[in-house]
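Numbers restart at 1 for each chain; the letters A, B, ... are given by sequence-line order, proteins then strands.
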Number of protein chains: 2
Amino acid sequence: MAYQDKGLGVPILRRLPMYLSLLKEYRSQGQELVSSSQLAGDLNLESIQVRKDLAATGIVGKPKVGFPVDSLIESIENFLGWDNASDAFVVGAGNLGSALLGYKGFSKHGLNILAAFDNDISKVGKKISGKEVLPFSKLPDLVRRMKVHLAVLTVPPEVAQRTADTLVLAGIRAFWNFTSVQLIVPENIIVENVDLASSLAVLSRKLSLALERSE
Amino acid sequence: MAYQDKGLGVPILRRLPMYLSLLKEYRSQGQELVSSSQLAGDLNLESIQVRKDLAATGIVGKPKVGFPVDSLIESIENFLGWDNASDAFVVGAGNLGSALLGYKGFSKHGLNILAAFDNDISKVGKKISGKEVLPFSKLPDLVRRMKVHLAVLTVPPEVAQRTADTLVLAGIRAFWNFTSVQLIVPENIIVENVDLASSLAVLSRKLSLALERSE
DNA sequence: TAGATTGTTAATCGATTAACAATC
DNA sequence: TAGATTGTTAATCGATTAACAATC
């Protein structure tokens with residue numbers, strides 16, 4: 001296991017937001033305690049898996065009683081670093097970039113989008129969902145001055161690698177990569193891919209098997 | 001293993017599009033044969049993993065020679081059903097729905113978007129990236145008449161479950177779910193979630209570990 | 001033939017699930 | 001105390017990696 005991944009299983013990380021969203025629903029309904037079996041039932045998981053996952057975040061429950069909803073929420077948010085959102089720039093203000101700029105909920109998911117960058121003159125200077133669109137030329141300097149570590153990459157595939165190279169030089173440490181390009185970056189740089197093609201692969205295969213079966 | 005998943009490992013499925021895109025690049029450069037170690041090198045994988053993955057699609061290579069690029073492409077596309085794209089409706093023509101309507105490449109990934117649906121009167125009747133936006137009220141009938149099996153769900157979270165219920169009744173068999181809602185659907189209905197929160201969870205955790213380390 | 005690369009069989013690793021003891 | 005639920009230790013399962021025989 002790479003040092004980078006210490007103590008963390010990716011499958012567990014992927015489930016934590018599911019717990020979090022459910023727990024917030026419980027809280028809004030005034031529920032103060034929850035058992036692993038309730039969480040499991042509502043998420044179609046096994047209760048033992050829920051307990052293992054929660055244990056990974058460091059929280060301890062009380063036998064017979066369960067887990068306090070409030071402190072579970074707190075633990076998970078803290079574990080993910082979502083109690084202290086990271087500043088980010090959206091790079092590429094096309095359709096997808098604009099859609100991401102429009103999401104209100106990211107700050108609750110650890111992401112604080114400051115502004116967007118694009119080279120299209122018809123966009124620069126305008127605002128999208130309240131965030132300014134700045135020219136790409138200002139990006140390296142602003143990354144440095146504002147100590148922004150995270151870039152949401154939504155540029156066209158042709159310029160993805162080149163853009164990433166520039167951002168790495170400017171000091172970006174992590175990419176949320178929405179392009180279809182497998183970025184090549186130095187070892188210490190983090191890339192999380194939102195890979196629609198792989199998602200479609202899973203879906204296509206399941207659908208074609210299901211349709212075959214029902215003919 | 002559920003019947004639905006027969007013979008298919010999800011991790012393998014997720015890697016197939018990576019091979020495919022690389023293979024097309026080789027082809028465009030006139031390369032006719034490829035070894036598992038070349039693919040592995042270019043994708044940062046182990047060659048044995050590449051061989052296992054390819055074997056899963058049913059293709060056989062030739063010892064000493066490698067795999068013919070052309071027939072590899074064909075096998076993978078056929079295995080995924082991407083040689084015969086499924087018709088789909090985009091449900092919800094907001095920012096994200098519009099972004100998806102704008103992607104030209106989906107037909108090469110097994111997805112043929114026919115039209116979009118929305119209830120917003122200012123959108124209905126217009127076109128987005130050349131696709132018509134129709135009123136939601138026409139959706140159930142069109143799903144039936146056009147035998148559309150797949151819905152790309154990009155509605156607001158508040159109406160996601162209700163919309164899915166309606167679509168299931170109309171005959172939709174699979175959802176590509178871009179909402180943050182865990183849909184509850186009958187057993188035989190397929191849901192593939194594009195879960196940005198879980199992706200952000202992985203990213204946040206890695207970033208906070210990396211930043212901690214470099215302080 | 002010799003050598004490179006595939007495909008197969010076995011070993012390892014990590015994630016999930018099961019069994020059960022600890023405890024409020 | 002009794003019972004429910006947690007947390008721990010062990011078993012299972014699937015995916016990845018390693019070793020090597022088959023073959024063009």
Side-chain angles (χ1 to χ4, degrees), chain A residues 1-16 18-19 23 26 31-72 75-76 79 198 201-202 205-206, chain B residues 1-16 18-19 23 26 31-72 75-76 79 198 201-202 205-206:
Chain A
M1 190 185 294
Y3 184 29
Q4 200 166 308
D5 297 331
K6 90 180 168 194
L8 123 181
V10 167
I12 295 180
L13 284 179
R14 292 197 176 277
R15 282 190 295 270
L16 290 179
M18 294 167 51
Y19 299 131
L23 287 163
Y26 294 158
Q31 186 180 336
E32 291 181 0
L33 291 164
V34 63
S35 68
S36 59
S37 49
Q38 185 188 0
L39 281 165
D42 287 354
L43 289 170
N44 268 317
L45 303 172
E46 298 293 328
S47 72
I48 173 63
Q49 185 170 48
V50 174
R51 288 205 299 283
K52 285 264 172 174
D53 288 350
L54 299 183
T57 71
I59 205 177
V60 290
K62 288 181 190 165
K64 167 153 169 140
V65 177
F67 300 83
V69 171
D70 275 347
S71 54
L72 254 189
S75 298
I76 295 177
F79 183 81
S198 75
V202 176
R205 176 77 183 161
K206 285 186 183 168
Chain B
M1 189 186 291
Y3 184 29
Q4 198 167 309
D5 297 331
K6 89 178 169 194
L8 124 180
V10 167
I12 295 180
L13 284 179
R14 293 198 175 276
R15 282 189 296 270
L16 290 179
M18 294 167 52
Y19 299 131
L23 287 164
Y26 295 158
Q31 187 180 336
E32 291 181 1
L33 290 164
V34 63
S35 69
S36 59
S37 48
Q38 184 186 1
L39 281 165
D42 287 354
L43 289 171
N44 268 318
L45 302 172
E46 298 293 327
S47 72
I48 172 63
Q49 186 170 46
V50 174
R51 288 205 298 286
K52 285 266 172 174
D53 288 350
L54 298 183
T57 71
I59 204 175
V60 290
K62 288 179 191 169
K64 169 156 168 131
V65 177
F67 299 83
V69 172
D70 274 347
S71 54
L72 254 189
S75 297
I76 295 176
F79 184 79
S198 74
V202 177
R205 176 77 183 163
K206 284 186 184 168

Presence of Ser36(B) side-chain N/O under 4.0 Å of dT6(C) phosphate oxygens OP1/OP2: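 For dT6(C), OP1 or OP2 has a side-chain N or O of Ser36(B) closer than 4.0 Å.
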
OP1 or OP2 of dA15(C) versus the side-chain N and O atoms of Arg14(A): is any pair under 4.0 Å?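 Indeed not, no polar side-chain atom of Arg14(A) lies that close.
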
What's the closest nucleotide to the side chain of [X] if the choices are [options]?
X        : options                  : answer
Gln49(A) : dT17(D), dT5(C), dT17(C) : dT17(C)
Val60(A) : dG7(D), dT16(C), dA18(D) : dG7(D)
Arg15(A) : dT5(C), dT16(C), dT6(D)  : dT16(C)

Could you tell me the separation between the [atom1] atom of [X] and the [atom2] atom of [N], rounded to a whole number of Å?
X        : N       : atom1 : atom2 : result
Glu46(A) : dA11(D) : CD    : P     : 20 Å
Arg51(B) : dA18(D) : CZ    : P     : 12 Å
Leu33(B) : dC24(D) : CG    : P     : 15 Å
Lys52(A) : dA19(C) : NZ    : P     : 14 Å

Under the 3.5 Å rule, do the base of dT1(D) and the side chain of Lys64(A) count as making a donor-acceptor pair? no

Ile12(A) or Val65(A): which one's nearest nucleotide on DNA chain C is closer to the 5' end? Ile12(A)

Determine the stems involving DNA chain C; a stem requires 3 or more consecutive pairs of the Watson-Crick or G-U wobble kind, each with both distances below 3.5 Å, and the answer is none if no such run exists.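 C:3-24 with D:3-24 - these are the stems of 3 or more pairs that involve DNA chain C.
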
